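Since the structure is predicted, the reported quantities are computational estimates derived from the model, not experimental observations.
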Amino acid sequence: MASNNFSLSIIVPMYNEGENVSVFYEKITQILVSHNYDYKIICINDGSKDDTMERLRQLANHDKRVKVINLSRNFGKEIAMSAGLNYSKADIVIPIDADLQDPPEVIPLLIEKWKEGYDVVYATRKKRDGETWLKKATAHTFYRVMGKVTRFEIPADTGDFRLMTKQVVDALNQLPEQHRFMKGLFSWVGFKQTSVTYYREPRYAGKSSFNYWKLWNFAIEGITSFSFAPLQIATYLGLLIAVLSLVYATYLVIATFTLGNPVPGYPSLMVAILFFGGVQLITLGVIGEYIGRIYNESKRRPLYLVKEELNIDEEPKSAKLKIIN
Ligand code: UDP
Ligand code: MG
């Protein structure tokens with residue numbers, strides 16, 4: 001077996017995962033120990049409302065390799081994961097979901113690929129068990145749209161489950177933005193990337209905290225964080241409408257001369273007014289999405305607040321963090 005003289009950090013964002021904590025811990029520890037890795041498991045309690053934190057406390061008490069960061073409230077998965085990245089100092093880092101949807105068995109495969117000389121090895125899902133066709137279809141559309149509107153490639157059917165080297169993690173830690181669409185940032189930083197495929201399991205217990213409204217907002221986040229295309233659409237839509245209305249005006253002039261004007265054009269007037277009203281509101285909304293993001297970035301708040309740390313002996317690398325005592 002190849003040498004294992006590297007350190008590994010597993011990053012686990014957790015929101016209401018009380019039922020999954022111990023099964024997850026057992027399963028992943030078994031795999032990490034059997035491969036003799038030098039590892040740490042960094043769990044981020046993202047403001048869970050159930051007993052996740054109590055369970056993590058018990059684990060941290062009897063296993064010093066379990067590190068816990070307790071955030072002051074729910075900040076969302078992207079930020080919880082960023083917190084974990086800030087805290088990890090290992091040679092390689094792997095974020096993974098706590099619900100066992102990302103099978104820990106894949107970790108050794110990721111590590112084997114990394115040994116071939118890659119900086120990022122992402123895990124691409126082959127099949128999504130336990131997810132409705134609607135979720136699969138929306139996810140599919142999302143990746144295709146993202147692929148079209150951004151200038152770099154975001155691999156399809158790939159979540160946050162991946163291996164990254166220290167160099168990549170350092171790069172991510174330097175990105176200052178508040179709106180952290182991780183899938184996009186992972187691709188944006190570049191480096192030598194490759195993939196392994198795996199079968200996505202259904203959630204072990206509990207239910208997904210991502211409903212369609214959240215996913216829709218997630219998609220908007222992704223697109224506005226990495227593309228101006230929606231703003232440009234307004235320009236082209238405006239041009240198209242201008243051209244169409246010129247054509248229509250010409251037709252009206254000709255029609256009035258040749259056929260006369262028996263009925264004054266009330267319906268066409270209403271249609272034009274409503275249509276333009278709609279187009280203007282949509283484009284204002286699109287501009288608003290971007291201005292809102294500029295506003296959020298300009299506040300320069302810390303990304304997250306930490307309420308408590310367990311088994312953490314070193315300070316995090318990032319200056320973005322503030323600890324409440
Ligand atoms: N998660 C989190 N904060 C949140 C929502 C989710 O840390 O606000 C974690 C959750 O505990 C899990 C991972 O993110 O470990 C993926 O969440 P989920 O299974 O709900 O998403 P899905 O698998 O449906 O994409
Ligand atoms: Mg899940």
Side-chain angles (χ1 to χ4, degrees), residues 9-21 24 42-53 56 67-88 93-99 101-102 131 135 138-139 142-143 146 154 158-162 164 169 172-189 203 206-226 289-290 292-309 316 318 320-324:
S9 281
I10 304 288
I11 292 180
V12 204
M14 294 190 182
Y15 177 60
N16 296 345
E17 299 286 2
E19 290 172 86
N20 291 322
V21 170
F24 171 79
I42 304 179
C43 303
I44 301 96
N45 177 36
D46 187 16
S48 298
K49 294 184 176 62
D50 64 356
D51 58 351
T52 303
M53 191 55 204
L56 285 175
K67 318 280 172 190
V68 180
I69 304 160
N70 189 13
L71 299 184
S72 64
R73 64 169 168 86
N74 179 255
F75 283 88
K77 182 184 179 188
E78 312 289 301
I79 295 205
M81 207 157 49
S82 301
L85 293 176
N86 286 162
Y87 273 85
S88 90
V93 176
I94 302 180
I96 187 169
D97 285 0
D99 55 11
Q101 275 194 290
D102 304 331
E131 290 184 352
K135 180 150 184 187
T138 46
F142 171 71
Y143 286 113
M146 276 308 284
I154 294 183
T158 299
D160 304 315
F161 185 33
R162 63 186 62 216
M164 289 171 284
V169 173
L172 286 169
N173 282 338
Q174 277 174 33
L175 302 180
E177 52 249 74
Q178 299 273 333
H179 289 270
R180 300 186 86 76
F181 180 69
M182 293 310 279
K183 284 191 226 307
L185 296 179
F186 286 146
S187 298
W188 184 88
V189 295
R203 228 174 193 285
K207 63 181 212 292
S208 169
S209 55
F210 286 86
N211 55 36
Y212 284 104
W213 178 242
K214 271 195 177 178
L215 285 173
W216 166 248
N217 283 309
F218 187 64
I220 292 182
E221 189 74 62
I223 291 171
T224 52
S225 297
F226 286 95
E289 290 285 340
Y290 283 89
R293 280 169 177 74
I294 298 172
Y295 171 61
N296 271 342
E297 297 292 346
S298 68
K299 285 189 281 195
R300 303 195 144 270
R301 291 200 182 134
L303 265 190
Y304 52 86
L305 296 173
V306 175
K307 191 170 149 196
E308 192 185 5
E309 296 171 336
S318 166
K320 291 191 286 280
L321 172 95
K322 212 161 107 194
I323 297 180
I324 308 173

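- Ile96 places a side-chain heavy atom less than 4.5 Å from the side chain of Phe24.
- For Asn16 (side chain) and Lys49 (main-chain N/O), a donor-acceptor pair under 3.5 Å exists by modelled atom type.
- Proximity of a side-chain donor or acceptor of Thr52 to a complementary backbone N or O of Glu17 within less than 3.5 Å is detected.
- Atom-to-atom distance recorded for Ile94:CD1 and Asp160:CG is 13.0 Å, nearest 0.5 angstrom.
- Going from atom CD of Glu289 over to atom CG of Asn217 covers 8.0 Å, rounded to the nearest 0.5 Å.
- With Glu297 contributing its side chain and His179 its backbone, the two residues share a donor-acceptor pair below 3.5 Å.
- Distance CG/Asn45 to NZ/Lys307: 8.5 Å, rounded to 0.5 Å.
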With side chain to side chain contact (heavy atoms under 4.5 Å, CB included) as the test, would you mind laying out the steps for Val169 and Asn173 before giving the verdict? CA-CA 6 Å; Val169 173; Asn173 282 338; 3.7 Å; yes
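- Looking at every heavy atom in both residues, Ala98 comes nearest to Pro13 through CB-O, 4.2 Å.
- A cation-pi arrangement, defined by a distance under 6.0 Å to the six-membered ring centre and an angle within 45 degrees of its axis, is present between Arg73 and Phe75.
- Residue Ser82 comes nearest to Leu303 through the heavy atom pair CB-CD1, 4.2 Å, listed as atom of the first residue, atom of the second, then distance.
- The main-chain N or O of Leu71 is never found under 3.5 Å from a side-chain atom of Asp46 such that the two would form a donor-acceptor pair.
- Using a distance-only test at 3.5 Å, with no hydrogens or angles considered, no donor-acceptor pair links the side chain of Asp102 to the main chain of Phe161.
- Under the 4.5 Å side-chain criterion, counting only non-hydrogen atoms from C-beta, Glu221 is not in contact with Glu78.
- Counting only heavy atoms from C-beta outward, the side chains of Lys67 and Tyr87 never approach each other to under 4.5 Å.
- Considering CD1 of Ile69 and OH of Tyr304, their distance stands at 7.0 Å, rounded to 0.5 Å.
- Leu85 places a side-chain heavy atom less than 4.5 Å from the side chain of Met164.
- Paired with Met14 under the rule side chain to side chain contact (heavy atoms under 4.5 Å, CB included), one option of Asn20, Ile44, Leu56 passes, and it is Leu56.
- The line from CD1 of Ile42 to CD1 of Ile11 is 5.0 Å long, rounded to the nearest 0.5 Å.
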Begin from the C-alpha positions of Leu175 and Val189 and carry the test side chain to side chain contact (heavy atoms under 4.5 Å, CB included) through to its verdict. CA-CA 9 Å; Leu175 302 180; Val189 295; 4.1 Å; yes
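- Between the CD1 atom of Ile220 and the CZ atom of Arg293 there is a distance of 7.0 Å, given to the nearest 0.5 Å.
- No donor-acceptor pair closer than 3.5 Å links the side chain of Asp97 to the backbone N or O of Asp99.
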